[in-house]
*Asks:* 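My structure is below; once you've seen it, I'll send some questions.
Letters A, B, ... mirror the listed sequences (proteins, then strands); counts begin at 1.
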Protein chains: 2
Amino acid sequence: MLTIGKLGQAAGVKVPTVRYYEQIGLLPEPERSTGNQRLYPRAALDRLAFIRHARELGFPLEAIRDLLSLSDKPDQPCTAADAIAKAQLQAVRARLSRLKALEMELERMVTQCAHGAISDCRVIEVLGDHGQCAHPHHDSAGEP
Amino acid sequence: MLTIGKLGQAAGVKVPTVRYYEQIGLLPEPERSTGNQRLYPRAALDRLAFIRHARELGFPLEAIRDLLSLSDKPDQPCTAADAIAKAQLQAVRARLSRLKALEMELERMVTQCAHGAISDCRVIEVLGDHGQCAHPHHDSAGEP
DNA sequence: CCTTGAACCTATAGTTGCTAGAGACATTAG
DNA sequence: CTAATGTCTCTAGCAACTATAGGTTCAAGG
């Protein structure tokens, strides 16, 4: 049996985060010691590592919830898991192309900066004047 | 003078967001009509467009606050503005390289999926077993 | 046995950048 | 004049944690 600290360390997840995952129902409530401290079996480590790895890949917790419930039914076809992963890949690619555009514009801003007075600063100028920039501005916020 | 709706529309920012920017001090409190509605001068549009554009480039609001206060002092050197933009460029590049790694791993997961049962699913398997994946896992969360 | 210090407990609030809702007042078009 | 928008304030909610406060339990050393 592992205490929450050992579990967190083994999985690379901070202790408050483990408790948070329990609170939102991603991890089942473990047994408690006589002194009311959480005690986890080995299996909890697998589950937590799964969550952590999926989070590292950028899956939102809701998707992870679905993936976990899928992994509990090994006999079903994996179409759903595949779909979730594909959606995540799409989302990542969308962010990538957006970030590349941002990178180009920031690069332009920074390299064109003459390091003079604010009044001549390309950085401020480009930010203030939409017309000066190349990128499309299709959507609203900086990053989804 | 513009009402908040016109202003928002002209700058491409939603009305509650404009009020939010006012609340956190990014936009000054405007005059009010006799009926207590906000009335903005043209200059407010420039400022709001500046904010919006900077947000689109992913600048955090705190950085925008700094950039705005810089743009109010046109005689100072633009070193600070330059530094903020460079930091943002760095942040964007860091996210780019991270996202590229994620893309590769997700791609691998998805293309290797044999579309059979969950028990044979590469997606689930790779998520569950750290050792199967190529990417480094240096930092903790999916995206900063 | 006692004490110390680390690890644990609960509960609450804060973070970022908005967005949504409720319920009331203002403005404007027909 | 009325109906339809638009606007007002205030509160609460989203993701996914992180931090803080104030208390309890555990493991080791003396």
Side-chain angles (χ1 to χ4, degrees), chain A residues 1-27 29-40 44 48 50-68 87-88 91 95 98 139-144, chain B residues 1-27 29-40 44 48 50-68 88 91 95 139-144:
Chain A
M1 288 300 197
L2 304 162
T3 63
I4 195 171
K6 305 288 178 193
L7 177 74
Q9 198 164 26
V13 173
K14 286 179 196 145
V15 167
T17 305
V18 177
R19 286 196 279 251
Y20 170 71
Y21 287 161
E22 177 185 327
Q23 193 194 310
I24 63 170
L26 269 192
L27 289 177
E29 296 185 18
E31 333 171 26
R32 299 292 184 118
S33 73
T34 49
N36 197 34
Q37 301 195 348
R38 290 169 179 82
L39 288 180
Y40 295 91
L48 186 51
F50 184 103
I51 296 171
R52 190 214 160 183
H53 194 184
R55 282 296 299 133
E56 278 171 347
L57 289 169
F59 287 89
L61 290 180
E62 273 319 294
I64 296 174
R65 200 188 293 277
D66 294 345
L67 287 169
L68 278 170
Q88 176 62 11
R95 298 216 279 169
R98 175 127 185 79
D139 49 2
S140 51
E143 271 288 287
Chain B
M1 288 300 197
L2 304 162
T3 63
I4 195 171
K6 305 288 179 195
L7 177 75
Q9 196 162 30
V13 174
K14 285 177 196 143
V15 167
T17 305
V18 176
R19 287 195 278 252
Y20 170 71
Y21 287 161
E22 177 184 325
Q23 192 194 311
I24 63 169
L26 269 192
L27 288 176
E29 296 184 19
E31 332 172 27
R32 299 294 183 118
S33 73
T34 48
N36 198 35
Q37 301 196 347
R38 289 169 180 82
L39 288 179
Y40 295 92
L48 185 52
F50 184 102
I51 296 171
R52 190 213 161 186
H53 194 185
R55 282 298 298 136
E56 278 171 347
L57 289 170
F59 287 89
L61 289 179
E62 273 319 294
I64 297 175
R65 199 188 293 278
D66 293 345
L67 287 169
L68 278 170
Q88 176 61 12
R95 298 216 280 171
D139 48 5
S140 52
E143 272 289 287

*Asks:* Rounded to whole angstroms, how far apart are CG on B:Leu39 and C1' on D:dT7?
*Replies:* 11 Å
*Asks:* Is there a side-chain contact between A:Glu22 and A:Pro30 in this structure, where contact means two heavy atoms from C-beta onward sitting under 4.5 Å apart?
*Replies:* yes
*Asks:* Let me know the distance between CD of A:Gln37 and P of D:dA27, rounded to the nearest Å.
*Replies:* 8 Å
*Asks:* Name the residue closer to the 5' end of DNA chain C, choosing between B:Pro60 and A:Gln23 according to the nucleotide with the nearest heavy atom.
*Replies:* A:Gln23
*Asks:* Name the closest nucleotide to the A:Asn36 side chain, picking from C:dC9, C:dT19, C:dG17.
*Replies:* C:dC9
*Asks:* Would you say A:Thr17 places a side-chain N or O within less than 4.0 Å of OP1 or OP2 belonging to D:dT18?
*Replies:* yes
*Asks:* Below the 4.0 Å mark, does D:dT25 have OP1 or OP2 next to a side-chain nitrogen or oxygen of A:Ser33?
*Replies:* no
*Asks:* Tell me: CG of A:Leu2 to P of C:dA7, nearest whole Å?
*Replies:* 15 Å
*Asks:* Is the closest basic N to carboxylate O distance between A:Glu62 and A:Arg65 below 4.0 Å?
*Replies:* yes
*Asks:* Could you check whether A:Ile4 gets within reach of a base, just the sugar-phosphate, or nothing at all, counting any heavy atom under 4.0 Å?
*Replies:* sugar-phosphate
*Asks:* Under 4.0 Å: is that the gap between some side-chain N or O of A:Thr3 and OP1 or OP2 of D:dC26?
*Replies:* no
*Asks:* For a quick check of understanding: with a heavy-atom distance under 4.0 Å over all strands, which category does B:Tyr21 fall into, base, sugar-phosphate or nothing?
*Replies:* sugar-phosphate
*Asks:* Are A:Arg32 and A:Arg38 close enough that some pair of their side-chain heavy atoms sits under 4.5 Å apart?
*Replies:* yes
*Asks:* Any side-chain N or O of B:Arg38 less than 4.0 Å from the OP1 or OP2 oxygen of D:dT7?
*Replies:* no
*Asks:* Rounding to an integer number of Å, can you tell me how far B:Leu7 CG sits from D:dG6 P?
*Replies:* 15 Å
*Asks:* To the nearest Å, give me how far apart CD (B:Glu22) and P (D:dC10) are.
*Replies:* 12 Å
*Asks:* Let me know the distance between NZ of B:Lys14 and P of D:dT7, rounded to the nearest Å.
*Replies:* 15 Å
*Asks:* What is the distance from OH of A:Tyr20 to P of C:dT12, rounded to the nearest Å?
*Replies:* 17 Å
*Asks:* Could you tell me whether the side chain of A:Tyr21 reaches within less than 4.5 Å of the side chain of A:Ile64, counting heavy atoms only?
*Replies:* no
*Asks:* Ignoring hydrogens, what is the shortest heavy-atom contact between A:Pro60 and A:Gln88? Give both atom names and the distance.
*Replies:* CD-OE1, 3.9 Å
*Asks:* Provide, to the nearest angstrom, the distance between the CG atom belonging to B:Leu26 and the P atom belonging to C:dT16.
*Replies:* 12 Å
*Asks:* Scan B:Arg19 against the nucleic acid and name what it touches under 4.0 Å (heavy atoms): base, sugar-phosphate only, or nothing.
*Replies:* base
*Asks:* Would you say A:Arg32 places a side-chain N or O within less than 4.0 Å of OP1 or OP2 belonging to C:dT10?
*Replies:* yes
